[in-house]
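On a predicted model such as this, the values are computed, not experimentally measured, just so you know. Throughout, a chain's letter reflects where its sequence line sits, starting with A, and its residues are numbered from 1.
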Amino acid sequence: MGMFERDQQVFANAEPLDDSYEPEDIRERDEELEKYQRALQPIIDNRPTSNIFLYGKTGTGKTVATKFMLSHLERDAAEYDDIDLSTVWVSCENLSSSYQVAVALVNTLRENQTKERISTTGYSQQRVFDLLYEELNALGGTVIVVLDEIDNIGHSDEILYGLPRARSNGYVEDVRPVIIGISNDFQFRENLSPKVKDTLAEKEILYPPYDANQLRSILEPRAEKAFYEGVLSGEVVPLCAAFAAQDTGSARQAIRLLREAGELAQAEDADTVTEEHVRDAQEELEKNQLYEGMQELTTQGHAVLCALAYHQALNEVPIRSRDLYERYVNICDRLDTDNVSERRVRDHLSDMNMLGLICVYERNEGLSAGRYHEYELDVPLNAVLDVLLSTNRFEEIANIIQSTATDNDLLQSGISNY
DNA sequence: TCTCCACCGGAAAAGTTGGTGT
DNA sequence: ACACCAACTTTTCCGGTGGAGA
């Protein structure tokens, strides 16, 4: 018998379960699409067009809807000789300022030209904006600028001021920029500077989270395409929809869950995907998320986590921050690493709390001991040690911690959903 | 009800890194 | 070689907080 044998196949075509899959029709968003279409209509009519902002959490269909609308718009605009339409799409996922967005726009616009790409630092902001206006001028006509995940720029919103006013300020001629902003953060507009807030003419479209029924309706056609007939037991799709609806209301999450369930079933050579597979998939995905979160911490983050793990192994948890800091400094000394300030360690702890790796308790003992926080692992000590053991720098100390916690219960400890 | 502990966490300053242009 | 630029990280500084004990 060979080491690799073909598994029982449950997937007919896994593509519809891929993040990048673009469905040919968009479900459960009729109202939003209608609004969207009305907002874009002026482009076809050669009328002034407002900027458009879409608000909604991840996985609520904002990006998919935009891709869908723009491809229709482009196709239809081509029918009219007097419409000169182009689009630029920039994901601001890793861009934290207007400056970087401007750089990314310039580079995207230059993609198909021989001109060189520009670097992400070094120029003054005005310089980059000038380069951007230059590229826009070269394009001419209506230019739709899609800024996906625009909330990443935070308070640095100059681009939202400069771009819409490029023409009235005389930086560009014969170019009408239309901004489509996509934001995961409902508060984003509130946090804009007053100057931008009251001059940015815009249409807003809200994308609320999906409920379980909507998710089911989104999953069904994809599931039908992705799996062989009869492979999915009846409760699988509803359960994926229910889990995702309870948690985030994100279609992406529901789809990932469905795919993971399918992969688990396939791996164990099952001929049907069952409710149990979905539950296992849910657990698996959560576990992966925590594991990745731990691995992506910086060295300093690992040192702090290591200090907490040490106390967990000694069963001295929850532990207040100043004692934890002492242990952390100790570990840094031993590793011959520089240590950071107490304030900075508080930041690392708060990051880890966000990731769900640790839990924080507020204590207040009044005038005898004041207010402080206490910390404890929220994942099993074993899992933390796994990560630390695979990191060269922490291997040795992780071994020491492991031998400290001889008691098996301690290794499992950490209030766990892991 | 008032006080006061101890540190939380926001904000600003300072230091680093990796770039441009002259 | 030098001044300048922006992003990030870390340090410095310090006002604010909420409940036990007076």
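At C:dA20, none of the side-chain N or O atoms of A:Arg363 fall inside 4.0 Å of OP1 or OP2 (strictly under the cut-off). Put simply, A:Ser341 has a side-chain N or O that comes within less than 4.0 Å of OP1 or OP2 on C:dT11. Taking only side-chain nitrogens and oxygens, A:Arg346 comes nearer than 4.0 Å to OP1 or OP2 of B:dC8. One finds a side-chain N or O of A:Arg320 lying less than 4.0 angstrom from the OP1 or OP2 phosphate oxygen of B:dC7.
Under the 4.5 Å side-chain criterion, counting only non-hydrogen atoms from C-beta, A:Ile118 is in contact with A:Asn107. Counting only heavy atoms from C-beta outward, the side chains of A:Leu147 and A:Ile153 never approach each other to under 4.5 Å.
Contact check on A:Arg38 versus A:Glu34 returns a salt bridge, with a Lys/Arg side-chain nitrogen under 4.0 Å from an Asp/Glu carboxylate oxygen.
Nearest to the side-chain atoms of A:His373 among the listed nucleotides B:dG10, B:dC8, C:dT10 stands B:dC8. Residue A:Arg371 places its side chain closer to C:dT17 than to any other of B:dG10, C:dT10, C:dT17. Looking at the side chain of A:Arg127, the nearest of the listed nucleotides C:dT11, B:dC7, B:dG21 is B:dG21. Candidate nucleotides B:dC7, C:dG21, C:dT11 were compared by shortest atom distance to the side chain of A:Arg343, and C:dT11 ranks first.
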Between the protein and nucleotides 4-7 of chain C, list every N/O to N/O distance that falls short of 3.5 Å.
residue	atom	partner	partner atom	Å
C:dC5	O3'	A:Tyr123	O	3.4
C:dA6	OP1	A:Gln125	N	3.0
C:dA7	OP1	A:Ser97	OG	2.3

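Atom CG of residue A:Leu219 and atom CD of residue A:Gln214 lie 12.0 Å apart, to the nearest 0.5 angstrom. In this structure, the separation between CD on A:Gln253 and OH on A:Tyr210 is 13.5 Å, given to the nearest 0.5 Å.
As rounded to whole Å, 11 Å separates atom P of B:dC7 from atom CD of A:Glu365.
Residue A:Ser321 is in sugar-phosphate contact alone, with no base atom involved, counting any heavy-atom pair closer than 4.0 Å across all strands shown.
Because its NZ or CZ atom is not both nearer than 6.0 Å to the ring centre of A:Phe243 and within 45° of the ring axis, A:Arg279 does not count as a cation-pi partner of that residue.
Residue order along DNA chain B, read from the 5' end via each residue's closest nucleotide, puts A:Gly366 first among A:Gly366 and A:Tyr375.
Distance alone, capped at 3.5 Å, is enough to place a donor-acceptor pair between the A:Asn13 side chain and the A:Glu15 backbone.
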